[in-house]
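Below, chains carry the letters A, B, ... as their sequence lines are ordered, and counting in each starts from 1. Because only heavy atoms are used, hydrogens play no part in the values below, and waters and symmetry mates are left out as well, while side chains stay in.
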Amino acid sequence: MNQKNIRVRFAPSPTGPLHIGGVRTALYNYLFARKHGGKLILRIEDTDQNRYVEGAEKYIIQSFEWCGIRFDEDVVKGGPYGPYRQSERKDIYRSYAEQLVTSGKAYYAFDTEEELNAMRERLNKSEAHLSQYGPHTRSSMKNSLTLPAEDVQRMLSSGEPFVIRIRMPEDETIVVNDLIRGEVVVQSSNLDDKVLFKSDGWPTYHLANIVDDHLMEITHVIRGEEWLPSAPLHVFLYQCFGWQDTMPQFAHLPLLLKPDGNGKLSKRDGDRLGFPVFPLQWRDPKSEEISSGYRESGYLPEAFINMLAFLGWNPGTEQELFTMDELISEFSLERVGKHGSKFDPEKARWFNHQYFAKYTTEELADLMLPFLETKGIAISRDYIVKVAGLIRERITLLPDLWQQSWFFFDAPATYDETVIKKVWNPAALIHELVSKFAVEASGLTTWDAEGIHDFIQDFISRHGAKMGQLMTPLRLLVVGSNQGPGMMDIAAVLGKEEFLRRVNAGLLVMMK
RNA sequence: GGCCAGUUCGUCUAACGGUUAGGACGCCAGGUUUUCAUCCUGGUAAUAGGAGUUCGAUUCUCCUACUGGCUACCA
């Protein structure tokens, strides 16, 4: 294959927010395209007006912007094969469907919903090895195969509702050559006469998809496994149109499964298990219901992508942390697994933690700025960088940046009761020790971590105290609990004045 | 029910006929940090079952079981 001409597409339907399974499919398409120097196309498949959801298309585009998946051709920037929204391509599909009718590969059908239901009833009662609307049933239905030609003409010209169905051959072997699964062989007798063109004047997915992939010169169709059952139909359609020589190669990706129990990962699982299922937060325009997103939960886009890439693919080495560029150079469809992956929210958190650990203090400071601004805290960047250095290893999600550092910017308003009980004991002794410390420390001149350390060392030996008897009570007064970085480091960053101010204020509270 | 696909530690997976079946997450234990978290070290734990093929099967074939997907004028 000529690698220069590789063209792949991601073709979502704007029926709601894109969930992480869809993002992963897009990611694999993106990696494949970049790896081979090809193009990635975003095509919006909005052929079902009933399911159209306001804002979904915008959501999809913003999601990809956030996670760094870039398209070469899409609805925003356009491209040589546009338009990229199927609703804007509506005119082109009918003639293709009719071309198939003319060549005898498809036919008009006029059955009403009731008639279709009646047929299915009959099928249910029979031995049921037969497909639905297919070779064995079409002869007893109302269509251009059974009706006299003049009746068909009359019905068509009088505006009678009709659909166009593919005419599946009775017994033919259809082979789908899948890049991930190998040869998938299906007998056409198991397939039915799928509707290609609906009575509302719109094409179904099957028709629009094949026509557009052909027109857009798509070379590889990389999509979810839920499409595998209809892949034989798609292959057959390429043959019907005479496009078999330029038919794209197929790769059906395994699905993302629920973390617990069984089944495909769904919107509900996020609410139920407490992790996001969507890249960005989504507010349903009708129900106003809010679904959480990875971005809003504090995940880094690089970590999110890294985590997603590893759900179904692996490089075959022990490296787990990959930049997008590394993913591009290492990715291959051969290393994509065949079976579904249960999504693991814990591992997602671990990836995010790893990325925070790699950040420089300067980068962390940049991330902290918005939080501090929200809280109305204005302080020197130098100070923020110092704080970032102390909390760097303690961050898993973005909000931890504040949760792990707030006491550098504000004195504690309360003290953890359980920690008081444990640490301020015996109360009189500790109180006296800390009081003496506060007095003596006020005379200390070299206020850095090392100086404070030496001083404390000297202090406890002179007073016959143990390190823990002083340090944990100090932490309680300065931080409000038993958390945070090393006490000497906190004291140094806070500065002598603020540090002692908190200690003395705390001593007053502890007296009560 | 029918069709298609899949099945290695609890989870994500490696091993493309020969390994003490490897790594990561989680969990457990110890160490560091006299806090908490991180981090470090160690441990726990798997080839769904049964037949073949083969000197030898996680790996190839078949059967069974289980899992998943699809079975709309939705994508």
Name the residue closer to the 5' end of RNA chain B, choosing between A/Ile460 and A/Glu183 according to the nucleotide with the nearest heavy atom. A/Glu183
Integer angstrom distance from the P of B/G26 to that of B/C40: 12 Å
Rounding to the closest angstrom, what is the interatomic distance between B/C70 and B/A15 at atom P? 29 Å
What does A/Ser341 touch in the nucleic acid at a heavy-atom separation under 4.0 angstrom: a base, only the sugar-phosphate, or nothing? sugar-phosphate
Would you classify A/Pro473 as touching base, sugar-phosphate or nothing, given that sugar-phosphate means primed atoms plus P, OP1 and OP2, and contacts are heavy atoms under 4.0 Å? nothing
Between atom NZ in A/Lys347 and atom P in B/U11, what is the gap in whole Å? 14 Å
Check the phosphate of B/C4 against A/His252, side-chain N and O only, distance under 4.0 Å to OP1 or OP2. Yes or no? no
Quick one: is A/Arg349 getting a side-chain N or O under 4.0 Å of the B/C25 phosphate, OP1 or OP2? no
Among B/A75, B/U8, B/U71, which is the nearest nucleotide to the side chain of A/His339? B/U8
For B/C60, which nucleotide is its Watson-Crick or G-U wobble mate, given both distances must be under 3.5 Å? B/G52
What does A/Asp111 touch in the nucleic acid at a heavy-atom separation under 4.0 angstrom: a base, only the sugar-phosphate, or nothing? base
Among B/C73, B/U35, B/G69, which nucleotide has an atom closest to any side-chain atom of A/Leu116? B/C73
If only side-chain N and O atoms count, and only distance matters, is there a donor-acceptor pair under 3.5 Å linking A/Ser189 with A/Glu170? no
Taking OP1 and OP2 of B/C74, is either one under 4.0 Å from a side-chain nitrogen or oxygen of A/Lys198? yes
Nucleotide B/G68, atom P - distance to CG of A/Asp269 in whole Å: 13 Å
Exam field: side chain A/Asp178 to backbone A/His252, donor-acceptor pair closer than 3.5 Å: yes
Have a look at A/Gly263 and say if it touches a base, only the backbone sugar-phosphate, or nothing, with a 4.0 Å heavy-atom cut-off. sugar-phosphate
Pairwise C1' distance for B/U38 and B/U19, with rounding to whole Å: 34 Å
Can you tell me which nucleotide in B/G68, B/A72, B/U13 comes closest to the side chain of A/Asn314? B/U13
Considering only atom P, compute the distance from B/G30 to B/A37 and round it to an integer number of Å. 14 Å
Sticking with atom C1', work out how far B/C9 lies from B/G23, rounded to a whole angstrom. 12 Å
With a 3.5 Å limit on both atom pairs, tell me what B/G1 is paired to, counting Watson-Crick and G-U wobble, or say none. B/U71
Touch check for A/Trp227, heavy atoms < 4.0 angstrom, all strands: base, sugar-phosphate only, or nothing? base
Length of the line joining A/Glu318:CD and B/A14:P, which is rounded to integer Å: 13 Å
A/Tyr299/A/Phe351 aromatic ring centres below 6.0 Å: no
In plain terms, say whether A/Arg51 and A/Asp48 are close enough for a salt bridge, that is, a side-chain N and a carboxylate O under 4.0 Å apart. yes
Between A/Thr47 and B/A75, is there a side-chain N or O to OP1/OP2 distance below 4.0 Å? yes
Interatomic distance where CG belongs to A/Asp260 and P belongs to B/C12 [whole Å]: 12 Å
A/Ser95 and A/Glu98 side chains, donor-acceptor separation under 3.5 Å: no
Taken to the nearest whole Å, CD/A/Gln187 to C1'/B/A5 is 17 Å
Among the candidates B/U11, B/G68, B/A75, find the nucleotide nearest to the side-chain atoms of A/Tyr205. B/A75
Nearest whole Å is fine: how far is B/U33 C1' from A/Asn482 CG? 13 Å
Quick note, A/Arg120 side chain, CB onward, closest among B/C4, B/U35, B/C73 is B/C73
Quick one: label A/Arg223 by what it contacts on the DNA or RNA (base, sugar-phosphate, nothing), any heavy atom closer than 4.0 Å. nothing
Taking 4.0 Å as the cut-off, does a side-chain nitrogen or oxygen of A/Gln404 come that near to OP1 or OP2 on B/A37? no
Can you check the distance between B/A21 and B/A57, where both ends of the measurement are the C1' atom (answer in whole Å)? 13 Å
Mate of B/A45 where both pairing distances stay under 3.5 Å, Watson-Crick or G-U: none
Paired nucleotide for B/C9 [Watson-Crick or G-U wobble; both distances under 3.5 Å]: none
Under 3.5 Å donor-acceptor pair, A/Arg394 side-chain atoms to B/U38 base atoms: no
Using whole Å, report how far NZ of A/Lys264 lies from P of B/C4. 20 Å
A/Arg272 bridged to A/Asp260 by N-O distance under 4.0 Å: yes
Assign each of A/Val186 and A/Trp313 the nucleotide of RNA chain B bearing its closest heavy atom; nearer the 5' end lies the nucleotide of A/Val186
A/Tyr133 and its side-chain hydrogen bond (donor to acceptor under 3.5 Å, both in side chains) partner, picked from A/Asn143, A/Asp193, A/Asp192: A/Asn143
Scan A/Val195 against the nucleic acid and name what it touches under 4.0 Å (heavy atoms): base, sugar-phosphate only, or nothing. sugar-phosphate
Rounded to the Å, how far apart are A/Gln354 CD and B/C39 P? 7 Å
I'd like to know if the side chain of A/Thr361 reaches the main chain of A/Gly389, judged simply by a donor and an acceptor atom lying under 3.5 Å from each other, with no hydrogens or angles considered. no
Could you verify whether a donor N or O on one side chain and an acceptor N or O on the other, from A/Asp212 and A/Tyr93, lie under 3.5 Å apart? yes
Testing B/G26, B/A5, B/C74 for proximity to the side chain of A/Leu228, the answer is B/A5
What nucleotide, of B/A15, B/G68, B/C36, holds the atom closest to the side chain of A/Arg335? B/A15
Report which part of the nucleic acid A/Glu393 touches: base, sugar-phosphate, or nothing (heavy-atom distance under 4.0 Å, all strands). sugar-phosphate
Answer with base, sugar-phosphate or nothing: what part of the nucleic acid does A/Pro485 contact at a heavy-atom distance below 4.0 Å? base
B/C74, B/C39, B/U11: which one has an atom nearest the side-chain heavy atoms of A/His353? B/C39
At 4.0 Å (heavy atoms only), tell me whether A/Arg181 reaches a base, stays on the sugar-phosphate, or touches nothing. sugar-phosphate
Looking only at side-chain atoms of A/Asp344, point me to the closest of B/A75, B/C25, B/C36. B/C25
Taking only the side-chain nitrogens and oxygens of A/Asn190, find out if one of them lies under 4.0 Å from OP1 or OP2 of B/G2. no
When both hydrogen-bonding distances must be under 3.5 Å and the geometry is Watson-Crick or G-U wobble, what is B/U19 paired with, if anything? none
Quick one: label A/Gly312 by what it contacts on the DNA or RNA (base, sugar-phosphate, nothing), any heavy atom closer than 4.0 Å. sugar-phosphate
Considering only atom C1', compute the distance from B/A45 to B/G50 and round it to an integer number of Å. 25 Å
Could you tell me the separation between the CZ atom of A/Arg120 and the CD atom of A/Gln132, rounded to the nearest 0.5 Å? 5.5 Å
Taking the C1' atom of each, how far is B/G10 from B/A46, in whole Å? 10 Å
Look at the side-chain N and O atoms of A/Arg392 and state whether any lies under 4.0 Å from the OP1 or OP2 oxygen of B/C39. no
